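First comes the structure, then the notes that go with it.
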Amino acid sequence: MQKTDDGQHAHKKPPVLEVRDLVKNFGGLRALNRCSLKVAEGTITGLIGPNGAGKTTLFNAITGFFQPDSGRVLTDGQDITSLPPHGVFNRGICRTFQIPREHGTMTVLENLMLVVPDQAGERFWNCWFRPELVHRQEREIRDRAMEVLDFVNLTHLADELAGRLSGGQKKLLELARTLMAEPRLVLLDEPAAGVNRTLMKRLSENIEYLRRERGITFLLIEHDMDLVMRLCDPVIVMSEGRRLMEGHPEEVRNDPHVLEAYLGGQYGAA
Amino acid sequence: MALLDVQSVTAGYGDTEILRDVSMQVRRGEMVSIIGPNGAGKSTLMKTIFGLLHPREGKVFFDGDDISGLHPYQIVERGMCYVPQVSNVFTELTVAENLEMGAFLAKKGDISARKERIYDYFPRLKERRNQRAGKMSGGERQMVAMGSALMLEPKLVLMDEPSAGLSPKMVGVIFEQIKKINDSGPAILIVEQNAQLSLQMSDRGYVLASGENRFEGTGEELLNDPEVGRLYLGG
Amino acid sequence: MSMQDTPDDAVGRRHDDRSLRERIGAALRSRVALGVALLLTLVVFWILGQRNGASLSDLLSLTVWGIMLGGIISLGAIGLTLVYGVLKFPNFAHGALVTLGAYGAFTIASFLPRGPVLLPFSFGWELLAAMVLAMPAVSLVALVVDRVLFRPLRQRDASLVLLAMASLAAAFFLRSSIYLIWGPDFLFYYPGRANPALHLPLGIRIQADQIFVFVLAMILVALTWLLLERTRMGKAMRATADNPDLAQVRGINTERVIAWTWVLGASLAAAGGVMYGLASQLRPEMGFWLLLPMFAAAIMGGLGNPVGAIVGAVIIGIAQQVSSSFINPAYGPGVAFVLLVIVLVLQPQGLFGKGGD
Amino acid sequence: QEAPPEVPIGQVVAFTGSGAEYGVFYRDAAKLALDQINVAAEEVFGGPIVSRLIAEDSNTLPTPAIEAARKLVEADGVPAVIAAWSSGVTVAIATSVTIPSGVLQVGNGTTSPLVSILPEDAEADLLFRTSPSDALQGVVAADLAAGNLIDDYKFSTAATIYINNPYGQGLSNAFTAAFEKRGGTVLAEVAHPEEVQPTYRSQLSAALKDNPDILILPTYPAHTAAILKESRDIFDYTNWQFTDANRSSEVLDAVGGADLVGKLGTVPSADPESESYKSFAEAYKAAYGHDRIPPFSETTYDAGMVIGLALAKAIADGITDPAEITGRELADRLRPIANAPGETIIGGSQAEITKALQMIKDGQDIDYVGAGGSVDFDENGDVKTPVAIWQFTETGDETINIVPAEQIASE
Amino acid sequence: MEPVDLARASFLFLPLVLLGLLVFPGRPVLRLLLAVVAAAIVALVLPLWLPRGILTYLASFSTMAGIYAILSLGLNSQWGLTGHVNFGVAGFFAVGAFTSALFTTKMPEGALAAYSQQAFGLEWPFLAGVLMAGIIAAFVGFLISIPVLRLRTDFLAIATLGIAEVIRFIFQNERWLANGPQPMRGIPRPLDCLFADPACSWLPARVANWLAPLSPRDYVFFYLVVVALIVAVVYLALERIARSPWGRMQRAVRDEENSAAMNGKNVTLRRIESFVVGSFIMGVAGAVYAHYVVSIDYSHFNPLFATFIVWVMLMLGGSGNNKGAILGAFAVWAVWSGAAFVIDMASPALRAISADLPSRGAYLRWMLVAILLGGIVLFRPQGILRERKKVSDFLPKDE
Ligand SMILES: Nc1ncnc2c1ncn2[C@@H]1O[C@H](COP(=O)(O)OP(=O)(O)OP(=O)(O)O)[C@@H](O)[C@H]1O
Ligand SMILES: Nc1ncnc2c1ncn2[C@@H]1O[C@H](COP(=O)(O)OP(=O)(O)OP(=O)(O)O)[C@@H](O)[C@H]1O
Ligand SMILES: [Mg+2]
Ligand SMILES: [Mg+2]
């Protein structure tokens with residue numbers, strides 16, 4: 001796959017996401033150690049690194065899940081460090097969880113319909129006094145949800161309780177939910193872990209399509225190197241709570257540090 | 001005679017039937033892979049073997065005995081261990097305690113020696129041995145789960161997607177360990193989405209789809225079967 | 001492409017730009033801070049009491065009595081916290097078990113020969129013997145209730161509220177059984193027997209019985225703690241508490257563990273009931289009324305933690321007693337509750353609970 | 001002779017909850033009265049006139065008590081209920097059930113002064129009680145403590161620990177007002193909850209802080225017993241003065257005689273030495289085998305008895321249809337049978353009751369004197385009774401002085 | 001048919017129509033028709049068929065059950081929708097009751113003032129009192145929710161239980177506020193002049209004549225109408241929002257808070273919102289109760305009869321289901337009240353077992369309640385009516 005190097009471009013406009021010197025300590029453990037990185041608009045940026053490198057923690061800090069001990073998170077140049085999770089979401093940033101967190105007693109369809117922001121019916125008086133508006137929106141939202149379900153191959157499970165999905169299906173649901181939100185930036189935490197490779201291949205094509213056609217930016221944590229190589233550019237490598245390096249997939253793959261810390265023997269040989 | 005013999009098992013949750021007439025075997029010392037798309041019923045099969053679900057029809061034999069009605073703790077006593085796909089660590093216990101729980105049935109003496117062995121496999125765990133497992137990263141948890149299952153020296157280990165969430169390097173390490181374990185005696189039944197790798201190492205494999213047994217063969221055969229490749233291996 | 005960041009600690013510190021509020025919030029959430037805050041509350045209580053004309057020795061006495069009251073609450077609370085910790089639902093029937101223990105020992109003691117008074121206490125050997133015998137009796141009741149009511153629910157993965165409702169049913173059932181068997185009257189173990197207070201330095205007066213209750217509570221806490229930390233059964237209990245499914249997978253017979261948990265919890269409840277009855281009197285609803293402070297203690301201390309239970313109970317006891325020096329004593333239980341909510345807001349897992357930072 | 005009409009009588013009583021220890025006693029007391037009425041009626045009218053006593057549980061709480069009263073009044077169709085010992089429950093039943101439904105209610109342990117002037121009852125005149133208002137006892141207790149009644153018994157400072165319900169608070173307040181009027185000082189009035197507590201030390205500590213000369217205890221026996229023990233054992237304080245509810249052999253048993261003998265208390269009406277009380281006690285113990293008689297059992301008996309007598313009078317007046325025996329009819333006959341003029345009927349014994357019924361049938365006036373006092377209803381439906389001074393003895397308690405109703409200052 | 005019975009029947013009509021609407025299936029118009037006809041028939045037959053006392057009892061029973069239904073609807077909007085385990089129902093119930101009492105009673109004066117104290121007495125009309133009760137209870141709910149809703153569910157249960165006790169302590173101990181431990185009395189019954197003699201002056205003669213045969217004893221028939229209307233309004237309002245985007249959001253927060261937050265829902269606000277809505281409804285229930293029993297005090301708000309019983313009602317009826325909440329209220333109250341009759345009737349049999357068993361009927365009643373509750377939990381854990389499984393009421397059915 002051919003990628004355009006728009007590094008120049010990124011300097012003019014503030015990056016979609018910028019993380020500056022983020023620090024997060026857990027007791028004595030420094031999970032993020034002045035981590036800084038930028039994600040340019042319209043890219044699918046890969047984030048890789050050994051287990052426990054702090055990737056998920058970084059996501060948590062970006063999305064307001066944890067308050068970082070210090071450092072800043074900016075989107076389009078605006079500070080969102082101390083926003084609560086829903087505030088971050090409202091800035092167009094959406095994420096998935098590494099360990100799926102579905103709404104178990106709601107159906108798959110409801111899980112998706114829920115996500116759409118600013119529904120009139122979310123204010124209960126509208127349900128009493130403006131039912132027509134709510135009716136109209138609900139229909140639109142449902143139709144969208146069905147499209148998204150089709151996209152991730154879960155249509156047949158639309159009315160199943162989300163808690164009853166298999167491990168991999170839950171991961172797909174996580175992905176599907178981000179697509180309901182029409183976000184600018186999607187943070188995906190290991191979307192492929194536990195997902196069948198054939199399906200994942202199709203999904204990655206769709207992600208690429210979303211980037212191209214809708215201009216959604218992706219930041220993607222993944223351990224499946226085939227996927228990363230195929231999909232991501234640039235790739236950021238994290239280790240011990242900080243950014244180790246960043247570059248095109250090929251560069252990263254051949255970097256001796258990365259080989260040593262992350263890829264291990266099998267890719268080293270390749 | 002096979003160590004584990006699943007004989008046309010039908011099982012499911014509540015009213016829904018997930019597995020239909022599934023049969024499979026694991027022989028002593030063998031490594032067997034199960035692959036298949038999401039929701040195929042792989043985890044359900046593992047749970048059924050391990051007594052967390054009881055088969056509605058069919059039987060499961062282990063080491064010659066019918067174990068279909070037994071409770072998991074009774075099955076553990078017979079020498080089978082299981083690494084579940086999800087919630088596979090005690091989140092409130094420390095890493096070290098998690099490992100000790102793995103050896104709950106073991107005799108007192110050699111626990112610390114076994115723990116050291118696990119620490120050798122996964123040095124990261126030694127560093128974090130006093131951290132609560134719930135606070136570990138996704139991959140680290142996976143190591144804890146594997147580690148605790150290996151604390152007993154079982155005859156058969158069931159592993160549900162052990163490599164999910166692990167870095168490529170760790171995947172390598174884990175599979176190496178699995179191979180090593182397998183070589184040292186125990187049979188292994190493994191469910192993997194990283195099918196390429198696990199089939200390469202396995203003696204035999206099964207393909208499960210929609211709760212039914214679709215293909216069966218040696219690892220080699222399955223890897224080279226074009227249909228299997230297209231449908232399930234992402235080829 | 002950029003290379004590794006250059007470490008620069010000075011910059012790092014400058015970038016610690018959390019707002020003051022964030023930092024205060026974080027500081028408040030630490031356990032040490034919470035301990036200090038609780039101590040400060042006590043000091044404030046003392047100051048308020050003194051403003052209201054209580055003398056120093058009054059306040060000291062109130063504090064000591066608070067600790068003793070904590071002893072009574074904690075005996076019930078240890079059992080509660082264990083059952084709560086492992087089975088993960090608020091067991092409203094625990095109060096009934098406490099009552100049952102008290103009444104059971106009463107009946108058992110009436111069959112035993114009455115020995116001499118164990119001075120300086122007000123009771124004789126027969127009460128201790130009756131207490132020890134009441135423990136298995138109450139355990140048996142708890143086991144039956146579990147078998148009939150809770151076990152089927154557990155196997156169905158029932159929700160917390162359903163289990164709580166079931167325990168309410170058990171509480172009503174046991175309570176009406178107690179009414180039926182022993183009648184509605186209040187009873188004393190040793191009617192007419194005095195237990196004059198010991199005069200300790202600083203003008204503190206305290207009954208030997210009270211000290212016995214507190215010491216017994218400490219001993220039982222220590223034993224329970226040892227059991228949880230040091231024995232296989234304790235380990236199995238903690239594992240079951242954490243994740244029952246996984247515990248099974250690891251070869252633990254969770255039903256047996258749960259049965260032992262009931263035995264332990266019910267025995268402690270029985271002991272608590274006897275001591276409560278000794279300190280006060282026997283009433284069919286005595287345990288029901290102690291339920292709230294017991295819950296408050298168990299939760300404040302952190303579920304499943306016996307040491308937490310006794311600390312929580314003592315805090316609640318002190319809060320109830322000392323606060324009476326400056327507000328209407330009727331609000332005592334209320335003060336304890338406000339304290340509980342404050343503790344939980346700052347430290348959602350309780351003082352010694354797991355899962356916090 | 002045609003059999004007389006039979007009506008059911010209701011009772012709301014605490015079998016469970018914080019007043020549970022009394023329920024059975026009160027039910028039995030009411031039953032004794034109505035059984036005696038029936039025995040007499042067999043003889044006089046040729047058949048029983050009370051079909052049965054329906055006693056419902058109040059749980060010592062108003063919500064279920066109201067429901068119970070509704071059942072009695074609507075479903076069972078009783079014209080009169082005996083209800084309901086504690087004042088809060090009594091008022092709740094009166095305002096929401098009996099008064100709107102035109103049913104007679106006789107309180108058997110209701111002592112709150114509020115009941116006297118309850119505006120809902122001002123016109124209806126359906127709420128009576130056989131237990132006197134606390135206002136009276138409070139005054140006598142204050143007189144006693146202030147040294148106006150007994151030689152060498154005079155205190156200038158006092159404190160109270162009362163049960164935090166209408167009874168306790170009403171009595172404590174009445175005492176305080178009267179005691180201060182007599183020159184004394186009340187150093188503290190401390191409330192304790194209705195539920196029995198593991199310890200009352202904080203209450204005691206607050207009450208005894210300024211070293212009162214005497215501690216007044218308007219509370220129930222279970223609490224009293226626990227408070228006394230702690231007061232003695234921890235505070236070395238035994239200057240207690242009691243009220244009606246404390247007069248219980250259980251208190252004596254629990255605390256032991258050594259510190260109690262000679263301690264004084266007040267109690268409205270019930271003079272255990274009176275003939276009526278004695279014969280009531282004898283009949284009561286014989287009929288139900290109770291070994292003790294808790295406070296207000298005798299007033300419960302009286303409540304049942306005045307209802308029964310009023311019922312007899314209604315029948316004697318010629319009402320033959322049970323449906324016509326309404327609360328109104330009974331209420332209007334309460335004063336005639338209970339108040340002067342008329343021949344005094346000493347309650348308690350079967351013979352007297354039979355005599356009473358005979359006289360009623362013959363159209364003669366009677367004046368019932370109950371086990372708990374003279375039972376003369378005033379315009380509010382209250383009884384004004386003498387207040388007795390009693391003291392604990394080695395084996396129980398005895399009355400040592402009686403303050404006649406006329407001598408009690410009303411304030 | 002006598003005029004009394006006819007007049008009583010006229011009051012039964014409306015509650016019966018509402019009941020019919022609740023239970024009959026089918027399209028709205030048909031349902032209304034069916035309900036009206038059925039109600040008319042039943043309203044006419046009941047007075048003929050049942051003795052007057054029994055009918056009055058049933059009316060008063062239904063009134064109380066209706067009040068409980070409001071409570072359990074309020075609880076359902078907290079637990080059924082959002083998963084708040086509020087064990088402090090009694091507290092909000094009390095706040096509502098005392099608020100309405102204070103706003104609608106007359107300040108005691110004269111001799112009464114010595115026995116009856118209260119902070120104020122504004123003599124507002126009934127509906128204003130009810131509204132204030134809701135508002136103040138909602139406000140109290142709001143204040144409490146800020147610290148308390150951050151707790152995990154079971155801790156929330158205990159904390160709210162404690163807070164309800166504190167509220168009860170306040171009403172018990174603060175004499176100036178609402179007469180402390182003494183009953184606060186004189187809470188006006190709305191339109192009770194309807195049944196007085198002479199009836200309200202503003203009443204048209206026809207209506208007055210119609211009501212003339214009724215006595216104050218029949219007031220409960222009118223109050224039943226009031227309660228039925230309030231239940232209906234609350235039910236409709238809640239039903240409208242249960243399967244709406246709002247309800248969906250609330251359930252999402254109940255299920256998995258973190259993920260709801262990541263999906264842009266302001267979790268804290270949402271949780272507070274439903275807690276406040278529930279508190280409002282409980283406050284309204286309190287007001288309705290206060291005007292029904294006329295005098296109240298702290299002891300009316302004991303957890304047993306104002307919290308636990310409501311939970312039992314909701315669990316039995318089916319949590320998450322508003323119809324179930326109402327049904328549960330009636331069923332449990334029927335069991336509690338009916339147990340008294342059962343024990344009454346069974347007493348000969350009991351006597352046969354043991355001579356003094358009938359005299360312990362009260363304890364057996366509790367045992368019966370315990371067995372029933374245990375039975376529900378074991379054999380009917382979802383309640384009589386299950387939670388409705390429907391994505392949204394705002395989507396057409398056929399698609
Ligand atoms: N809540 C927590 N408390 C304490 N330590 C934590 C907590 N969360 C994470 N950690 C630690 O911080 C480190 C980084 O964790 P993180 O989850 O960010 O890793 P990761 O890069 O996502 O790894 P993986 O690829 O395995 O998911 C790990 O060592 C983990 O043990
Ligand atoms: N507890 C449950 N209750 C009801 N249905 C369930 C439950 N768990 C799983 N299922 C259903 O059973 C089917 C098989 O699930 P299973 O977990 O066995 O799949 P799997 O093959 O392991 O998939 P994956 O690769 O995604 O883990 C799925 O369709 C799922 O929806
Ligand atoms: Mg991670
Ligand atoms: Mg699986």
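Not measured: the values here are computed from a predicted model. Throughout, protein chains are lettered first and strands after them, A, B, ... in sequence-line order, and every chain is numbered starting at 1. Below, all heavy atoms of this structure are taken into account, side chains as well, without hydrogens, waters or symmetry copies.
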dist E:Lys265:NZ -> A:Phe89:CZ (nearest 0.5 Å) comes out at 6.0 Å
For atom OH of A:Tyr209, is the number of surrounding heavy atoms from other residues, nucleotides or ligands below 6.0 Å larger than 12?
no
| request: Mark yes when over 12 heavy atoms from residues, nucleotides or ligands other than A:Arg130 sit less than 6.0 Å from its CZ; otherwise mark no. | output: no
Test side chain to side chain contact (heavy atoms under 4.5 Å, CB included) applied to A:Leu114 and E:Arg251, step by step:
CA-CA 10 Å; A:Leu114 169 76; E:Arg251 280 177 294 133; over 6 Å; no
message: Can you tell whether the side chains of E:Arg243 and A:Glu110 come within less than 4.0 Å, N to carboxylate O?
response: yes
The reported gap from OG in E:Ser244 to NE2 in A:His135 (rounded to nearest 0.5 angstrom) is 11.0 Å
Among E:Asn258, E:Ile241, E:Val253, the residue with the most heavy-atom pairs under 4.5 Å to chain A is E:Asn258
Rounded to the nearest 0.5 Å, the CG atom of A:Leu112 sits from the CG atom of E:Asn263 at a distance of 9.5 Å
Okay, A:Phe97 and chain E: the region with an atom under 4.5 Å from a heavy atom over there is side chain
* **E:Arg270/A:His86 under side chain to side chain contact (heavy atoms under 4.5 Å, CB included): CA gap, chis, key distance, verdict** => CA-CA 12 Å; E:Arg270 293 286 90 94; A:His86 63 91; over 6 Å; no
Legend entry - Residues A:Thr63, E:Met262; criterion side chain to side chain contact (heavy atoms under 4.5 Å, CB included); working and verdict: CA-CA 8 Å; A:Thr63 53; E:Met262 289 311 335; 3.4 Å; yes
Cut-off 4.5 Å, heavy atoms of chain E, and the answer for A:Glu174 is neither
* With distance as the sole test, does A:Arg101 use its side chain to make a donor-acceptor pair with the main-chain N or O of E:Ser259 at under 3.5 Å? -> no
Would you indicate whether E:Phe142, at its atom CZ, is surrounded by more than 12 heavy atoms from other residues, nucleotides or ligands within a distance under 6.0 Å?
-> no
Given A:Pro100, A:Pro117, A:Pro131, A:Cys127, the one with more heavy-atom pairs under 4.5 angstrom with chain E than any other is A:Cys127
Okay, E:Gln250 and chain A: the region with an atom under 4.5 Å from a heavy atom over there is neither
Within 6.0 Å of CZ in A:Phe151, more than 12 heavy atoms from elsewhere:
yes
May I ask you to decide if E:Ala252's main-chain N or O and A:His103's side chain share a donor-acceptor pair within less than 3.5 Å?
yes
Side-chain touch A:Gln119/E:Arg248, heavy atoms, less than 4.5 angstrom: yes
When every non-hydrogen atom of E:Trp246 is compared with those of A:Glu122, the smallest separation belongs to CD1-O, 3.1 Å
So, the part of A:Pro84 with a heavy atom under 4.5 Å from chain E: the answer is neither
Most contact-rich option vs chain E, by heavy-atom pairs under 4.5 angstrom, among A:Ile93, A:Val116, A:Thr178, A:Val134, is A:Val134
Next item on the list: Would you confirm whether E:Asp255, through its side chain, and A:Gly104, through its main-chain N or O, come within 3.5 Å as a donor-acceptor pair?
Entry: yes
